[in-house]
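What you see below is based on every heavy atom in this structure, not just the backbone, and it leaves out hydrogens, waters and symmetry mates.
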Amino acid sequence: MSSKPGLPKGTRDFGPEQMFRRNYIIDKIKAVFETYGFLPLETPSLENLSVLTGKYGDEGDQLIFKILNSGDFLNKTNQEDYKKGSKEFSGKISNKGLRYDLTVPFARYVVKNQNDITFPFRRYQIQPVWRADNPQKGRYREFYQCDADIIGTNSLVSDLEMVWLIHDVFKSLDLNDFLLKFSNRKILTAISEYIGEPGKENTLYVSLDKLDKIGKDNVFKELKAKGMSERSCVKLAPILEISGDNRQKLEQLTEFIGNLETGKEGLEEVSFILDSIANKENTEFKLDFDITLARGLSYYTGTIFEVKPTTVQMGSITGGGRYDNLTGVFGLDGMSGTGISFGIDRIYDVMLELKLFPESEIAGTKVMITNFDQDTLKFSLEVLNRLRRNGINSEIYPDKSKMKKQFGYADKKGIHFVAIIGPEEATQKIVSLKNMSTGEQQRLTVDELIGVLS
RNA sequence: GUGGUUGUAGUUCAGUUGGUUAGAACGCCUGAUUGUGGUUCAGGAGGUCGCCGGUUCAAGUCCGGUCUUCCACCCCA
């Protein structure tokens, strides 16, 4: 066990069975993305560190995997660089890193190709990302993100589309045990203004996000520890008491921040989403307007959303929101967009736990042809080729082993049919087809065989 | 990054206060059955006890380090 080669922390192999299921998820998501008019994009696994750093906050920067420069990189450094410490020094010996998410490379792409892109630009991207985080359940160092973004418009219609998109994706996966929480960053900004701590919304939302986890008292404790005054906390307390359905929550919140400019904007935006959703027919929306929803990434400026499974213990499986100026850091201002990211590794774990993968998706080969001897082989290969030309997943057992072994192979691989071609069948140009689940066996011509298996 | 936890056959796990040749179940291989799998029966193979070092007459068992697993924090998908 030990001497066998291992895997780096937080990475995994995906065997055939897992790949069938992963592809099932990816195919479904891709299909929905395409019905929404999103176009595919891929970017390199590697980006220049100048592109990656400074976009995810100090903590995020530390989680970026850095790639050592090629060649004699030490030759280009000196004792002074070394003495400045790891952070400075790593800048001298590494200038590339593995991508941390898909949004920043996308922003880079948009800026680089701004003259060729027709805006608003709708793209989807399904690729792995890497984070040097400590792994746990549902947390890996290499995992896939499925992103869809609409950039180049600040229309709320795009935000609304994201809400629909989320529902359509989970519907097509038959994953119904989820809750879509949403809110608006402007509301948080207004709240921090209202309680007399303008500009401190970052402190506020980091703590508020933990409300259901650590409780109200601890949130206040943490806020005070971060320098928020007693008076602000007193003003905040009644806002946290807001409850009821989405409409009721919105109305109660209006009493606090309805007179503030950003507050008014935020409330109107939330209201628009709620109204529009209500108009979409025949769909039950599990939408929860949650004031305490914050989302970590600092680039969000408007609508924000997050999806959590309701019956499985798991972090968020989807998240996103509106960003007003994502490309600003790359020198292109005024490019507003909205985006969503599905975490397929977590969706996989949830679906596995809820047993939502259909059996039929797991089968690979539909029919296996037996291998008798040199004389029958010619006809067997002929049949094999005809099956394949008719789009039937088929394989021939490569060795002239005992029937017992050949059948055992088909059984273990879950192959539903075995086509037996022995001397008798070969001379008559027929096959004996055995259904492995019922045990029934019938003699068929090749044309009949294709008919049965199509 | 901080604190804890885990590692023994392909898999899931036993293994006494440190003491002869490290066990079980399932899986795997062979045969009963030279044209038929999943059941049954008989037999068999398979282990550097994660890795490196230390204590000891003696280490799977005790100690240190390291890697890995899972968990909490931080943060996140």
Side-chain angles (χ1 to χ4, degrees), chain A residues 1-12 15 25 29 56-64 86-87 99-103 126-147 205-207 209-210 213-214 218 222 294-298 300 305-309 313-320 339-350 368-373 376 397 400-426 431-441 443:
Chain A
M1 194 120 166
S2 54
S3 51
K4 285 170 192 162
L7 237 46
K9 187 194 284 201
T11 65
R12 300 146 299 156
I25 296 175
I29 293 178
Y56 312 104
D58 284 345
E59 302 216 340
D61 285 354
Q62 285 171 0
L63 298 180
I64 295 170
S86 313
K87 205 176 167 186
R99 78 167 96 78
Y100 177 90
D101 69 359
L102 301 179
T103 311
I126 302 174
Q127 288 189 277
V129 302
W130 294 269
R131 297 184 187 180
D133 205 356
N134 258 344
Q136 299 180 17
K137 186 183 181 183
R139 299 182 81 156
Y140 307 100
R141 289 188 150 187
E142 178 185 61
F143 61 96
Y144 271 69
Q145 287 191 330
C146 301
D147 276 27
Y205 73 61
V206 166
S207 299
D209 201 33
K210 299 177 197 163
K213 203 170 188 179
I214 63 175
N218 286 322
E222 195 177 304
R295 304 277 316 147
L297 293 168
S298 46
Y300 292 125
F305 21 70
E306 180 170 284
V307 178
K308 277 191 174 171
Q313 186 66 37
M314 179 69 73
S316 68
I317 51 177
T318 292
I340 186 80
S341 179
F342 293 85
I344 71 154
D345 300 85
R346 285 186 176 180
I347 291 173
Y348 179 98
D349 290 347
V350 170
M368 184 199 82
I369 300 174
T370 59
N371 190 335
F372 255 79
D373 53 35
T376 60
Y397 196 86
K400 286 167 280 190
S401 307
K402 290 177 185 171
M403 280 303 105
K404 182 185 167 69
K405 188 157 189 186
Q406 301 193 23
F407 273 83
Y409 168 82
D411 184 50
K412 251 174 272 169
K413 270 192 76 176
I415 297 172
H416 289 299
F417 294 96
V418 173
I420 305 148
I421 298 175
E424 204 182 310
E425 286 89 349
V431 304
S432 296
L433 184 69
K434 175 159 179 167
N435 181 324
M436 293 295 276
S437 40
T438 63
E440 280 168 21
Q441 197 166 314
R443 302 179 139 229

With a non-hydrogen cut-off below 4.0 angstrom, is T370(A) in contact with a base, only sugar-phosphate, or nothing? nothing

Looking only at N and O atoms, is any donor in the side chain of K434(A) or the base of U36(B) less than 3.5 Å from an acceptor on the other one? yes

Applying a 3.5 Å limit to both distances, which nucleotide forms a Watson-Crick or G-U wobble pair with U16(B)? none

Below 30° counts as parallel, above 60° as perpendicular, anything between as tilted: where do the rings of Y100(A) and Y56(A) land? tilted

Does any nucleotide pair with G53(B) by Watson-Crick or G-U wobble geometry, both distances under 3.5 Å, and what is it? C63(B)

Side-chain-base donor-acceptor pair under 3.5 Å for D411(A) and G38(B): no

Could you check which of C76(B), C75(B), U36(B) has an atom nearest any side-chain atom of I420(A)? U36(B)

Considering only the P atoms, how many Å lie between G15(B) and C62(B), rounded to the nearest integer? 12 Å

Is K405(A) close enough to U36(B) that one of its side-chain N or O atoms is under 4.0 Å from OP1 or OP2 there? no

Between R346(A) (side chain only) and R139(A) (backbone N and O only), is there a donor and an acceptor less than 3.5 Å apart? no

For Q441(A), report the nucleic acid contact type (base, sugar-phosphate, nothing); a contact means any heavy atom under 4.0 Å. base

5'-most contact on RNA chain B (nearest-nucleotide basis), E440(A) vs R139(A), goes to E440(A)

Can you tell me which nucleotide in A77(B), U68(B), G35(B) comes closest to the side chain of R346(A)? A77(B)

Test side-chain hydrogen bond (donor to acceptor under 3.5 Å, both in side chains) on Q406(A) and S401(A); report intermediate values, then the result. CA-CA 7 Å; Q406(A) 301 193 23; S401(A) 307; 5.1 Å; no

Which whole number of Å gives the distance between the P atom of C75(B) and that of A9(B)? 39 Å

Is the cationic atom of R131(A) (NZ for Lys, CZ for Arg) positioned less than 6.0 Å from the six-membered ring centroid of F143(A) and within 45 degrees of its normal? no

Y140(A), nearest nucleotide to its side chain (from G35(B), G37(B), A77(B)): A77(B)

Give G60(A) one of three labels, base, sugar-phosphate or nothing, depending on what nucleic acid heavy atoms sit under 4.0 Å from its own. nothing

Between G408(A) and Y144(A), which is nearer to the 5' end of RNA chain B once each is assigned its nearest nucleotide? G408(A)

Distance between the C1' atoms of A42(B) and G47(B), in whole angstroms? 25 Å

Using Watson-Crick or G-U wobble geometry with both distances under 3.5 Å, which nucleotide pairs with C29(B)? G43(B)

Closest nucleotide among G35(B), G37(B), U69(B) to the M436(A) side chain: G37(B)

As a test of reading the structure: which of C28(B), C74(B), U36(B) is closest to the side chain of F407(A), going by heavy atoms? U36(B)

The side chain of Q136(A) is closest to which nucleotide in this list: C73(B), G35(B), C76(B)? C73(B)

Name the nucleic acid region contacted by E142(A), choosing base, sugar-phosphate or nothing; use a 4.0 angstrom heavy-atom cut-off, strictly under. nothing

Give a yes or no on whether the backbone of G422(A) and the side-chain of E425(A) come within a donor-acceptor separation of less than 3.5 Å. yes

Is E142(A) salt-bridged to K9(A), cutoff N-O under 4.0 Å? no

Given the structure, check if the side chain of K404(A) and the base of G35(B) hold any donor-acceptor pair shorter than 3.5 Å. no

Can you identify which nucleotide, out of C74(B), A77(B), G35(B), has its nearest atom closest to the E59(A) side chain? C74(B)

Compare the minimum distances between each of C75(B), G1(B), C29(B) and the side chain of N134(A), then state the nucleotide with the smallest one. G1(B)

